Amino acid sequence: MTAAPVRVVLADDQPLVRSGLRLVMADHPDLEVVGEAATGAEAVRLVRDTGPDVVVMDIRMPGMDGIEATRLITAAPTATRVLVLTTFDEDDYVYGALRAGASGFVVKDMALNDILAAIRVVAAGDALIAPAVTRRLIADFAGRPPLRSARDVEGIVTEREREVLTLIGRGRTNTEIAEDLFITVATAKSHVSRLLTKLGARDRVQLVITAYEAGLVTLPG
């Protein structure tokens, strides 16, 4: 039995960006565009009307921007996830979108097929930040006063969970965490699941934020 396609809304005020993604996705039967929006308000309305799996969200749009739209979409009782399109000069916007609940970030000059792969990852319930964004984002964390201290985190999680959170902050996958800590992958997944619950994190991206804010991971010199 063939799985249902991932239903996608494209939100970008540039028609060329939307049409480019739509044309490429037309050749991939596992992806289906169910709507297009040129503003954040239109994206929120389309999510309400069509219930997509993923919104590919631009940040800078007229009227309601992508950050506010992301906040409204992720706060609603829906399974829709947000994949943000960003450019190199939007670090502050990226941080804001992370806080708003976005599950992933891709750079607009990435190959279209890589963006499609990111849509699939986010739709599957995982999260990602494009390598081109990661270091600049981490540098931004390093320059901000922490919102949550190491003591706050240690008061919530066990020592083993703290180790797992540190490795998540370093970008380790569940398999790599299992190898580093000499535990099974299933056990690593259980630790990640408990961390999500204890720390009130929506997904792995927000666990990365917590690891940096708490000082468990620092920017390499």
Side-chain angles (χ1 to χ4, degrees), residues 1-8 28-31 52-56 74 78-84 94 97-107 110-111 113-135 137-138 141-142 146 148-220:
M1 183 176 177
T2 303
V6 175
R7 304 174 74 251
V8 180
H28 297 265
D30 65 320
L31 300 172
D53 301 300
V54 177
V55 179
V56 180
T74 59
T78 172
T80 300
R81 296 166 68 83
V82 177
L83 175 67
V84 169
V94 172
L98 274 169
R99 281 281 166 211
S103 295
F105 298 83
V106 290
V107 181
M110 285 176 63
N113 282 335
D114 290 337
I115 294 177
L116 300 190
I119 293 172
R120 297 183 181 100
V121 168
V122 169
D126 210 336
L128 75 147
I129 304 177
V133 177
T134 303
R135 186 173 180 84
L137 187 61
I138 290 170
F141 288 150
R148 176 176 274 168
S149 70
R151 181 174 297 178
D152 292 336
V153 170
E154 289 170 358
I156 298 172
V157 305
T158 66
E159 178 59 30
R160 174 61 88 187
E161 289 165 352
R162 182 180 184 276
E163 292 174 338
V164 171
L165 181 61
T166 300
L167 292 173
I168 291 172
R170 292 174 180 163
R172 299 288 200 275
T173 64
N174 288 343
T175 299
E176 291 168 337
I177 290 171
E179 292 172 351
D180 288 347
L181 299 180
F182 303 101
I183 58 179
T184 67
V185 174
T187 299
K189 289 180 178 178
S190 294
H191 285 312
V192 173
S193 178
R194 283 195 290 272
L195 282 168
L196 290 168
T197 299
K198 287 184 174 183
L199 297 173
R202 177 181 172 87
D203 52 36
R204 207 177 186 95
V205 170
Q206 293 190 344
L207 289 180
V208 172
I209 294 176
T210 298
Y212 276 95
E213 287 182 339
L216 300 180
V217 184
T218 57
L219 185 68

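None of these values were measured; they are calculated from a predicted model.
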**OP:** Provide the closest heavy-atom pair for G169 versus A211 in the form atom of the first, atom of the second, distance.
**Re:** CA-CB, 3.8 Å
Subject >> Shortest non-hydrogen contact between I115 and L83, atoms and distance >> reply: O-CD2, 4.3 Å
**OP:** Specify the closest pair of heavy atoms between P5 and P29, including all atoms of both residues, with the distance to one decimal.
**Re:** CB-O, 3.5 Å
Subject >> Residue pairs, two or more places apart or on separate chains, that pass salt bridge (charged side-chain N to carboxylate O under 4.0 Å, His left out) and touch residues 178-197 >> reply: E161-R194, R172-D180
Original post:
Are any of the side-chain heavy atoms of T210 and L195 separated by less than 4.5 Å?
Top reply: no
Subject >> Where E163 and L181 come nearest, the two heavy atoms and their spacing >> reply: OE1-CD2, 3.9 Å
**OP:** Kindly write out the residues that satisfy side chain to side chain donor-acceptor pair (under 3.5 Å) with T80, not counting sequence neighbours, or none if the list is empty.
**Re:** T78
Original post:
Just wondering, do L167 and E176 contact through their side chains at under 4.5 Å, heavy atoms?
Top reply: no
**OP:** Look at the side chain of T74 and the backbone N and O of A102, then say whether any donor-acceptor pair between them is shorter than 3.5 Å.
**Re:** no
Subject >> Spacing of CG belonging to N174 relative to NE2 belonging to H191, to within rounding of 0.5 Å >> reply: 11.0 Å
Original post:
Looking only at heavy atoms, what is the nearest atom pair of K198 and V157, with distance?
Top reply: NZ-CA, 4.3 Å
Subject >> Smallest separation among heavy atoms of A118 and V106, with atom names >> reply: CB-CG1, 3.5 Å
Original post:
For S190, which residues count as a side chain to side chain donor-acceptor pair (under 3.5 Å) partner, sequence neighbours excluded?
Top reply: none
**OP:** Nearest 0.5 Å please: distance from the CD1 atom of I183 over to the CD1 atom of I177.
**Re:** 7.5 Å
